[in-house]
Novice: 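To start, I am sharing the structure in question, which I have written as structure tokens.
In what follows, chains are A, B, ... by sequence order, proteins preceding strands, each numbered from 1.
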Amino acid sequence: MRRGKLSNKSIFYVILAGTFTLLSYFLDQQVIQKEDAIRDMALEIENQYQKIDDESGKFEAAMDLQTRVFFSSHQTSSFSTINYKTHLLIDSNNAVIQNFNIDDIKRIVRANLFLQYILTRSSIQELWSAADKMNFTKSDYDNEKIRTVINDLFTFNDNFFEKYKIEYFNQSYINSVADNSILVPDNDGFMRLLYEETNKLNKKLFSYYVILEDLSDIYLEQEELLEVNYDSLILKQGKIKIQKNYFILLSILFQILSLLSFLLLFRNFINSTFVK
Amino acid sequence: MRFFKIPTLTPFVISQKNIKKSLLIINIGIFLSIFAASSAIISLFIENKISKYETAIIENKSTTIFFNKLERYFSKYEDGRTRLYDSNNTFTSYNEILRALKNGDALIDDREYYLYRMISEYYSAKEFFDDREFINDIKEFYNIDENELLLSLYDPIVHKKFLEIIRNQRNEIEKYEKKYDALDSYVKKIDIFKSVNDKEMLGLLPQNTMDKYYNVYVDLFAINEFLFEYLATFKEIMADWSISNKSYNIENYQEVERLSNLEKQIIIIAFIFQIIIFFVTQFFEITFATKVKKRIIRSKKI
């Protein structure tokens, strides 16, 4: 053989270099795989984050609407009896009426009863309009129960309004009542009807308080579940990043050791040739 | 492309003339690779320590998000409570004026004066007491070891004030919870949306009903006032805990930075040690090689 035989020491260095190179390649592959896993996980984390943000937005929107419903309904309740009671007292209790200008109080009380109904109805419509623009009402829900609840949100029976739409509930009549320039007639117990219908509407309005509370609870529950998943993903991603760092460092170390083995091999060649 | 093939360089490298140079080049290579290997090992060792702090930072991130969210919800609750308080106050002020009129009692009785406020206070309290899981979480938190609580606060010496408040509120919440449960069954039976008939509307409410409305309203108001304080204390503790948490995070970041700097310093020190060792070994090796070369030349002459 022209180049002679390899000594045992040289063979050892060659095996060592080969082993370290293989280990380095293996670890490089691990780094690539971890990088892939990190990229996939980053996408998943981003996706989860958006879902959490979405659920959080829905929860807060439902909670804010719930607060609006509460205050709107409380406002209507607070004035629900005083106007009708005063309307009744005008005809039955002179002692009370003596405190007021009879024409003014009559006009004001009737206007209040009339406008209370209009305002309660408007509140529901405004809430429906606000809810309709919100993210949570636009989502497609797999859960049929939630979908039905959202579709029915702020809907109400409007028969009373429709019945008196032409006669009383037109815009010019409402404006005249609002600026106290007209006395709303009490034909066929219209004031009693206004009082009862306002109460019915307010009851309907308040029912949405309970519905929105249940809805916000569902969103909060979903958000919490997603958060648990998100936290575990973040932790998992952190661990993979740390593993990737270890693999990179170990791969570098094995590459260096492989290089060192080659250098030792050459050194051994020189020394053995030189000694001969 | 023969340039890159090792055999081309072999005659140059393994020749007696260049033996010293070749050994020196290879030894420098060995030195550099040992240095690189030791740097990698140092990095691995330090990375191991850094990873613990990084994990702590990641784990702490969700706690920080939780504190921020809690603060936002508490602010919403406080905002709602203040709005309700103001709205009821305005309504009561006007009712008081009407009640002061001659025969004002016929106009404003306890239905107008207490019932609607009572209902609003009831729903305000209900929102809290219906979520027993949340109450139990707070109670559990209030029952933790006092020393443990102090440790979690940003400044335990300054915030010892929380302990006294917590001790009082721990007992009070039980009392108010029982009170709410007793009132709940009464208030939830009342239908404020029911239209009252004309006769009933004009007649005065029975004395026991009026007394009941008044007493229940006062109790519910007291419950809500306590809840406001209770949640405000909890919010204050959480805010303090949140600062402590942020400070813990800063400590972790500082520790990571410190370890990174330490890593650089260790690598530089290792380099200095290795270069000294390299020169010493190089001195012995070259001296030895020169001696061997001389011996070979001498043996060739003979």
Novice: Can we say A/E223 and B/K69 salt-bridge, meaning some charged N sits less than 4.0 Å from an Asp/Glu carboxylate O?
Specialist: yes
Novice: Using non-hydrogen atoms and a 4.5 Å limit, figure out which bit of B/D105 sits close to chain A: side chain, backbone, both or neither.
Specialist: neither
Novice: State plainly whether the residues A/D64 and B/K76 are in salt-bridge range, i.e. N to O under 4.0 Å.
Specialist: yes
Novice: If we only count heavy atoms from C-beta on, is the B/S33 to A/L263 side-chain gap below 4.5 Å?
Specialist: yes
Novice: With respect to chain A, which residue among B/S124, B/S62, B/A36, B/S120 yields the maximal number of heavy-atom pairs within a distance under 4.5 Å?
Specialist: B/S120
Novice: Between B/R72 and A/E60, is the closest basic N to carboxylate O distance under 4.0 Å?
Specialist: yes
Novice: State, to 0.1 Å, how close A/L253 and B/A37 come at their nearest heavy-atom pair, and which atoms those are.
Specialist: CD1-O, 3.3 Å
Novice: Report which part of B/S43 has an atom under 4.5 Å of a heavy atom belonging to chain A: side chain, backbone, both, or neither.
Specialist: both
Novice: Any side-chain heavy-atom pair from B/L202 and A/S92 closer than 4.5 angstrom?
Specialist: yes
Novice: Please find the pair of heavy atoms, one from B/A106 and one from A/K85, that lie closest to each other, and give the distance.
Specialist: O-CD, 3.3 Å
Novice: Report the option among A/F100, A/Y230, A/F206 that has the most heavy-atom pairs separated by less than 4.5 Å from atoms of chain B.
Specialist: A/F206
Novice: Select one option (side chain, backbone, both, neither) describing which atoms of B/L44 are under 4.5 Å from chain A's heavy atoms.
Specialist: both
Novice: Taking the side chain as everything from C-beta on, heavy atoms only, tell me whether B/Y116 gets closer than 4.5 Å to A/I82.
Specialist: no
Novice: Please classify the contact between A/F254 and chain B as side chain, backbone, both or neither, with a heavy-atom cut-off of under 4.5 Å.
Specialist: neither
Novice: Just so I understand: if I count every heavy-atom pair under 4.5 Å between each of A/M63, A/R192, A/Q75 and chain B, which residue has the most?
Specialist: A/R192
Novice: With a 4.5 angstrom heavy-atom cut-off, is it the side chain or the backbone of B/F66 that approaches chain A, or both, or neither?
Specialist: neither
Novice: So do A/K239 and B/I58 actually touch side chain to side chain, heavy atoms under 4.5 Å?
Specialist: no
Novice: Quick check: A/F79 with B/F91 (ring centres under 6.0 Å apart)?
Specialist: yes
Novice: Is it the side chain or the backbone of B/Y123 that comes within 4.5 Å of chain A heavy atoms, both, or neither?
Specialist: both
Novice: Examine whether an atom of A/I242 lies under 4.5 Å from a heavy atom of chain B, and if so say whether it belongs to the side chain, the backbone or both; otherwise answer neither.
Specialist: side chain
Novice: Under a 4.5 Å heavy-atom cut-off, does chain A meet the side chain of B/N48, its backbone, both or neither?
Specialist: both
Novice: Are side-chain heavy atoms of B/S51 and A/Y246 found at a separation under 4.5 Å?
Specialist: yes
Novice: Please look at B/L84 and chain A and tell me whether the side chain, the backbone, both or neither of the residue comes under 4.5 angstrom of a heavy atom of that chain.
Specialist: both
Novice: Which atoms of A/L220 are under 4.5 Å from chain B, going by heavy atoms: the side chain, the backbone, both sets, or neither?
Specialist: side chain
Novice: Restricting to non-hydrogen atoms, name the atom on B/I192 and the atom on A/S77 that form the minimum distance, rounded to 0.1 Å.
Specialist: CD1-OG, 3.5 Å
Novice: State, to 0.1 Å, how close B/I26 and A/F266 come at their nearest heavy-atom pair, and which atoms those are.
Specialist: CD1-CB, 3.7 Å
Novice: Of the backbone (N, CA, C, O) and the side chain (C-beta and beyond), which part of A/D231 lies under 4.5 Å from a heavy atom of chain B, both, or neither?
Specialist: side chain
Novice: Under a 4.5 Å heavy-atom cut-off, does chain B meet the side chain of A/T76, its backbone, both or neither?
Specialist: neither
Novice: Would you say the side chain of A/K203 lies within less than 4.5 Å of the side chain of B/D191, judging by non-hydrogen atoms?
Specialist: yes
Novice: Out of curiosity, A/F71 CZ to B/R83 CZ, how far, rounded to the nearest 0.5 Å?
Specialist: 4.5 Å
Novice: Given a strict heavy-atom distance threshold of 4.5 Å, which part of B/E47 is in contact with chain A: side chain, backbone, both, or neither?
Specialist: both
Novice: Could you tell me if A/T81 and B/E112 have a donor-acceptor pair between their side chains, going purely by distance under 3.5 Å?
Specialist: yes
Novice: Which one wins on heavy-atom pair count under 4.5 Å against chain B: A/S80, A/G238, A/A95?
Specialist: A/A95
